[in-house]
Amino acid sequence: MNERKSACVLSIDPSRRKLLIGAAAAIGGSMAVPRAWSQSEAMKNQEKTKESQSTGVEGLLTYLHQEIEIKASRQRIYEALLDSKQFAAFTGMPADIDRAGGGAFAIFGGLVVGRNVELLANERIVQAWRPSYWAAGVFTLVKFELQDWASQTKLILDHTGFPEGNFRHLDSGWYLRYWEPLRKYLAKD
């Protein structure tokens, strides 16, 4: 059940990029790292989480799709992803998450910032999401879909609109920084 399922689609459609840029502007444009973490602290956290850049055809990918089975209820996973204390507990890094629709978040000690675009309790989380070291105003769309799957939950991730050259570190980063620590955290219940 812990097998890694990942698919990718080559998406370099300029209209999609305009849509994502427009969505980011509609929810407040660029966001700064919260005062709780200085830029230097965020940069230190960035060094801890660096993965390699994509090259060749992989370097052109701006979309990733992952399906992960987790032995926990949809509600439990939803709560862990949106609760500051639980998120910090499973990642081992500070998190500040405003759980409201439109609410801002800063996770991994300010390394990743964004806003909750759509929240459907225990079913879906959609976020405008960006590492704080990316150029100002560059956001991606991250969608977590939670589905019942036998006695566990299937979490479907769609991460779209990220800049070219970022596929490899984002694809591996979701497993390294989210899924494996989340599985371990939820296994303690």
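On a predicted model such as this, the values are computed, not experimentally measured, just so you know. Numbers here are sequence positions counted from 1.
A heavy-atom distance below 4.5 Å is found between the side chains of Gln127 and Leu82. Side-chain atoms of Phe162 and Trp129, non-hydrogen and from C-beta on, never get closer than 4.5 Å to each other. Side-chain contact between Leu111 and Tyr133 is present, with heavy atoms from C-beta onward closer than 4.5 Å. In this structure the side chain of Ile70 reaches within 4.5 angstrom of the side chain of Leu186, judged on heavy atoms. For the pair Asp171/Gln66, a side-chain contact is recorded, criterion being any heavy-atom separation below 4.5 Å from C-beta on. Between Trp174 and Ile68 the shortest side-chain heavy-atom distance does not fall below 4.5 Å.
Connection of Leu141 to Leu120 is not established within any shared hydrophobic cluster, with ILVMFWY side chains joined at heavy-atom distances below 4.5 Å, either directly or through further cluster members. In the hydrophobic cluster analysis, where Ile, Leu, Val, Met, Phe, Trp and Tyr join through side-chain heavy atoms closer than 4.5 angstrom, Leu64 is grouped together with Tyr175. In the hydrophobic clustering of ILVMFWY residues, with side-chain heavy atoms under 4.5 Å counting as a link, Ile156 and Leu170 come out apart.
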Task: Residue pair Asp158, His65: steps toward the side-chain contact (heavy atoms from CB on, under 4.5 Å) verdict - done: CA-CA 5 Å; Asp158 286 299; His65 174 89; 2.6 Å; yes
TODO: Decide yes or no on side-chain contact (heavy atoms from CB on, under 4.5 Å) for Arg130 and Thr140, but give the supporting numbers first.
DONE: CA-CA 6 Å; Arg130 68 184 295 275; Thr140 64; 5.7 Å; no
TODO: Show the numbers, then the answer: is there a side-chain contact (heavy atoms from CB on, under 4.5 Å) between Ile77 and Phe144?
DONE: CA-CA 10 Å; Ile77 295 167; Phe144 304 95; over 6 Å; no
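In this structure, CZ in Phe90 is found 12.0 Å from NZ in Lys188, a value given to the nearest 0.5 Å. Atom NZ of residue Lys154 and atom CD of residue Glu67 lie 4.5 Å apart, to the nearest 0.5 angstrom. Note that CD1 of Ile125 and CG of Leu157 are 11.0 Å apart. Values are rounded to the nearest 0.5 Å. Here the straight-line distance linking atom OG of Ser84 with atom CD1 of Ile97 works out to 4.5 Å at 0.5 Å rounding. Here Arg124 contributes atom CZ and Arg74 contributes atom CZ; the two are 11.5 Å apart, rounded to the nearest 0.5 Å.
For the pairing with Asp189, the salt bridge (charged side-chain N to carboxylate O under 4.0 Å, His left out) check across Arg183, Arg76, Lys71 returns one residue only, Arg76. The only member of Glu118, Arg115, Glu145 that meets side chain to side chain contact (heavy atoms under 4.5 Å, CB included) when paired with Val126 is Glu118. With Phe87 as reference, Tyr178 is the one residue of Phe105, Tyr178, Tyr185 to meet the side chain to side chain contact (heavy atoms under 4.5 Å, CB included) rule.
Salt bridge annotation for Arg99-Glu79: present, with a cationic side-chain nitrogen under 4.0 angstrom from a carboxylate oxygen.
Not one N or O on the side chain of Thr153 forms a donor-acceptor pair closer than 3.5 Å with the backbone of Leu146.
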